[in-house]
Amino acid sequence: MFPLRDHNPSERRPVVTYGLLAANTLVFLFMLPLYGSSAASEIFVSYGMIPARLSQGAELETLITSMFLHGGFMHFAGNMLFLWIFGDNLEDMLGHVKFLLFYLATGIAAALLQYVTDPSSAVPMIGASGAIAGVMGGYLLLFPKARVDVLFIIVIIIRVIPIPAWAALLVWFGLQLFNGVASFGAEGGGVAHWAHAGGFIAGFAIVLPLWLRLGAQRFWERTDGHPDHPEAKYKLTRSSIPRTGRRRR
């Protein structure tokens, strides 16, 4: 199940979202020729968040630098896709500066929850997933019924289906909680599920005061859980290649 896009266009240019996409892309392109080498490992150790070092009060800056490092193409591409889909709308609601602060705050909160689960770990945590999970948590609260196009792949069945944001995001959040519990005591540097869950909860909590100021449930009643501007309409375009009938002999 992969979200492809939402039907919720932003009303102003999301310059911070674009800037975050650009910054992550530049770092990824710098790292690209280094993946699999000792140089990449050294960078991950130097700029990734290592809980054992954080326990000593050292390298607090890695709470931020770790957000811009990724372990490979799929890690990078998945995070940027989610940021592209959900970031512009939250930036539209919060404003540029507040959205940037929100993004960094949820990324830090995500890293801290991962730290609490294993403060003695020497495995570097890297990736923008925690901050982007925060964006998803905020999006869920403001636009629970906004439609999201999701690509479903079930064996040989491939189909794009629009579903409400609350369904897509709560399923994703539930998977993070389930996998986080299942990974307790596991060794090695796997997926930081608790960071994802922590970022999601932090994003939801930080946006909660805004939702209350907007009227809480009255805001949902006024917008029906959708953005308060017309949603985007997508449809497949008809091919320009002329159709021909089968020639009979």
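Values below: all heavy atoms of this structure, side chains included; hydrogens, waters and symmetry mates excluded. As the structure is a computational prediction, the values presented were derived from the model and not from experiment.
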inquiry  = Run the side-chain contact (heavy atoms from CB on, under 4.5 Å) test on L104 and L63 for me, step by step, so that the C-alpha distance in whole Å, both residues' side-chain angles and the decisive distance to 0.1 Å come before the verdict.
reply    = CA-CA 9 Å; L104 296 175; L63 290 170; over 6 Å; no
With sequence neighbours left out, what residues match [X] under side-chain contact (heavy atoms from CB on, under 4.5 Å)?
X    : answer
S41  : none
R218 : E221
V16  : L20, E91, H96, F99, L100
L26  : none

Any idea which heavy atoms bring [X] and [Y] closest together, and the distance?
X    : Y    : result
G198 : L113 : CA-CD2, 3.3 Å
F102 : G134 : CZ-O, 3.3 Å
Y139 : N89  : CE1-OD1, 3.3 Å
P124 : G48  : CB-CA, 4.4 Å
A195 : A110 : O-CB, 3.0 Å

Would you say [Y] ends up clustered with [X] if hydrophobic residues are merged whenever their side chains have heavy atoms under 4.5 Å apart, either directly or through other cluster members?
X   : Y    : result
L60 : F44  : yes
L83 : V97  : no
L21 : L101 : no
I50 : I43  : no
F76 : I85  : yes

key: Any residue meeting side-chain hydrogen bond (donor to acceptor under 3.5 Å, both in side chains) with Y115, in chain and number order, not counting sequence neighbours   =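 Listed in chain order: S55.
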Under the side-chain hydrogen bond (donor to acceptor under 3.5 Å, both in side chains) test, residues paired with S120 that sit two or more places apart = D118
Between [Y] and [X], is there a side-chain heavy-atom distance shorter than 4.5 Å?
X    : Y    : answer
W220 : P144 : yes
H75  : N79  : yes
F200 : T106 : no
F82  : V135 : no
F86  : L140 : no
I108 : M67  : yes
L208 : L141 : yes
Y18  : D88  : no

What's the separation between atom [atom1] in [X] and atom [atom2] in [Y], rounded to the nearest 0.5 Å?
X    : Y    : atom1 : atom2 : result
M49  : M125 : CE    : CE    : 4.5 Å
W211 : F204 : CH2   : CZ    : 7.0 Å
M93  : R12  : CE    : CZ    : 9.5 Å
M31  : I126 : CE    : CD1   : 7.0 Å
H196 : M136 : NE2   : CE    : 9.5 Å
W84  : I132 : CH2   : CD1   : 13.5 Å

inquiry  = For E61, is the CD atom crowded, meaning more than 12 foreign heavy atoms sit under 6.0 Å from it?
reply    = yes
task = Assess whether side-chain contact (heavy atoms from CB on, under 4.5 Å) is satisfied between L90 and Y103, documenting all intermediate values.
result = CA-CA 10 Å; L90 208 57; Y103 182 90; over 6 Å; no
ask   = So Y35 and F28, side-chain contact (heavy atoms from CB on, under 4.5 Å) or not? Walk me through it.
value = CA-CA 10 Å; Y35 284 124; F28 172 74; 3.5 Å; yes
inquiry  = side-chain contact (heavy atoms from CB on, under 4.5 Å), that's the test. Do L54 and E59 meet it? Break it down for me.
reply    = CA-CA 6 Å; L54 214 61; E59 300 182 359; 5.9 Å; no
